[in-house]
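Okay, structure first, notes after.
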There are 2 protein chains.
Amino acid sequence: MNKMHKEHNLSKNQQIIFDIINKSPEPLKAYTILFNVQKKGIKAPLQVYRALDKLVEIGKIHKIESRNAFIACHNSSCQVAKATAFSICEICEKVTEISSAGLSKYLANFKDKDGMKYSKYNLEFFGLCKKCR
Amino acid sequence: MNKMHKEHNLSKNQQIIFDIINKSPEPLKAYTILFNVQKKGIKAPLQVYRALDKLVEIGKIHKIESRNAFIACHNSSCQVAKATAFSICEICEKVTEISSAGLSKYLANFKDKDGMKYSKYNLEFFGLCKKCR
DNA sequence: AACGCTGTGTAATAATATAACATTAATAAG
DNA sequence: CTTATTAATGTTATATTATTACACAGCGTT
Ligand SMILES: [Zn+2]
Ligand SMILES: [Zn+2]
Ligand SMILES: [Zn+2]
Ligand SMILES: [Zn+2]
């Protein structure tokens with residue numbers, strides 16, 4: 001089913017759902033996705049959630065936790081699926097993935113008081129985007 | 001209703017719900033809270049959510065977004081309700097609020113590529129706690 | 001009294017996510 | 001090729017999380 005040797009071969013449902021997220025200018029919610037793919041034969045929430053889970057796992061998309069929504073990764077298909085940072089406009093809800101070498105380095109090396117290092121993090125910044133100021 | 005001049009005077013429902021979260025060693029979910037306060041006359045989800053919203057707003061508790069759960073603030077009733085960081089153990093689900101001057105300073109001053117500064121952030125680190133390693 | 005504001009009580013419903021089970025497709029061994 | 005194993009799918013039902021809508025009570029201000 002489409003054997004181009006990309007990083008990952010997406011299955012049929014995964015590809016459909018990735019495409020719709022990837023084309024969207026804004027994060028999409030699971031049920032919004034569901035409504036948009038019903039014409040393509042995906043009829044049940046679980047089909048969507050399974051694809052979403054997999055896409056998150058392989059770093060093609062990220063979940064914006066504070067919004068229960070999903071966005072395609074734009075860090076050249078995130079080598080850092082486990083180290084994500086976003087800016088979120090509190091008015092227009094625009095979400096942008098932040099890619100800052102300094103930030104990711106700082107957080108990847110951050111140790112808490114017990115000297116604990118972390119394998120993974122998610123950071124969400126909130127504020128007003130250019131337009132909304 | 002209890003006029004000690006603290007930072008905020010909690011209402012009856014707010015106090016009940018804060019107490020239960022504050023006593024809990026682990027983050028509590030809204031419906032767990034609901035089940036635990038029904039004996040005290042709080043019967044409906046909305047009563048819980050309204051109190052939670054207010055408590056979050058005034059910084060007495062924080063929401064752990066990736067878990068849909070709530071934890072009491074232990075940074076001396078968070079002056080930084082809008083700048084939160086947590087460590088989360090992926091095995092036992094233990095959650096700890098991180099208070100690191102360095103971290104909060106770094107993030108408070110972080111500017112993205114457009115020079116945008118943010119008024120608020122939430123950071124969740126994932127890894128394994130001492131016990132679970 | 002009339003108003004604004006915050007909080008409360010209640011019922012209904014919306015939105016988000018998972019469990020359980022049966023089946024099929026793709027990969028890997030033997 | 002055949003069998004085993006894993007990943008993905010399809011379907012129904014259900015669990016979990018959160019909000020809408022409406023009525024009303026308490027309190028301080030004007
Ligand atoms: Zn990414
Ligand atoms: Zn905006
Ligand atoms: Zn705090
Ligand atoms: Zn642990």
Checklist outcome for this item: Whole-Å distance, B:I17 CD1 to C:dG9 P, equals 10 Å

Next on the checklist: Salt bridge check, B:K120 against A:E90: does any charged N sit closer than 4.0 Å to a carboxylate O?
Outcome noted: yes

Next on the checklist: Using only atom types and a distance under 3.5 Å, with no angle test, would you say the side chain of B:T32 pairs donor to acceptor with the backbone of B:L28?
Outcome noted: no

Checklist entry - With side chains defined as the heavy atoms from C-beta onward, is the minimum distance between A:F86 and A:T84 less than 4.5 Å? => result yes

Next on the checklist: Parallel, tilted or perpendicular: which one describes the rings of A:Y118 and B:F125, with boundaries at 30° and 60°?
Outcome noted: parallel

Checklist entry - Is A:R67 salt-bridged to A:E93, going by a charged N under 4.0 Å from an acidic O? => result yes

Item to check | Rounded distance in Å - CD1 (B:I33) to C1' (D:dT16) | outcome: 14 Å

Checklist outcome for this item: In whole angstroms, the gap separating C1' of D:dT9 from NZ of A:K40 amounts to 18 Å

Next on the checklist: So if I apply the side chain to side chain contact (heavy atoms under 4.5 Å, CB included) rule between A:H62 and each of A:N75, A:N122, A:I71, which one comes out positive?
Outcome noted: A:I71

Item to check | Atom pair distance, as rounded to whole Å: CD in A:Q14 and C1' in C:dA26 | outcome: 12 Å

Checklist entry - How does protein reach along nucleotides 10-19 of chain C, written 5' to 3' as B (base within reach of a heavy atom under 4.0 Å), S (only sugar-phosphate), or - (no contact)? => result BB----BBBB

Item to check | Atom pair distance, as rounded to whole Å: CG in B:L34 and P in D:dT19 | outcome: 15 Å

Next on the checklist: Whether A:S11 contacts C:dA25 is assessed here as follows: a side-chain N or O lying under 4.0 Å from the phosphate OP1 or OP2. Is that the case?
Outcome noted: no

Next on the checklist: Less than 4.0 angstrom between a side-chain N/O of A:K54 and OP1 or OP2 of D:dT6, yes or no?
Outcome noted: no

Item to check | A:N9 side chain near D:dA7 phosphate (N/O to OP1/OP2, under 4.0 Å) | outcome: no

Checklist entry - Nearest-Å distance, CD (B:E57) to P (C:dC5)? => result 15 Å

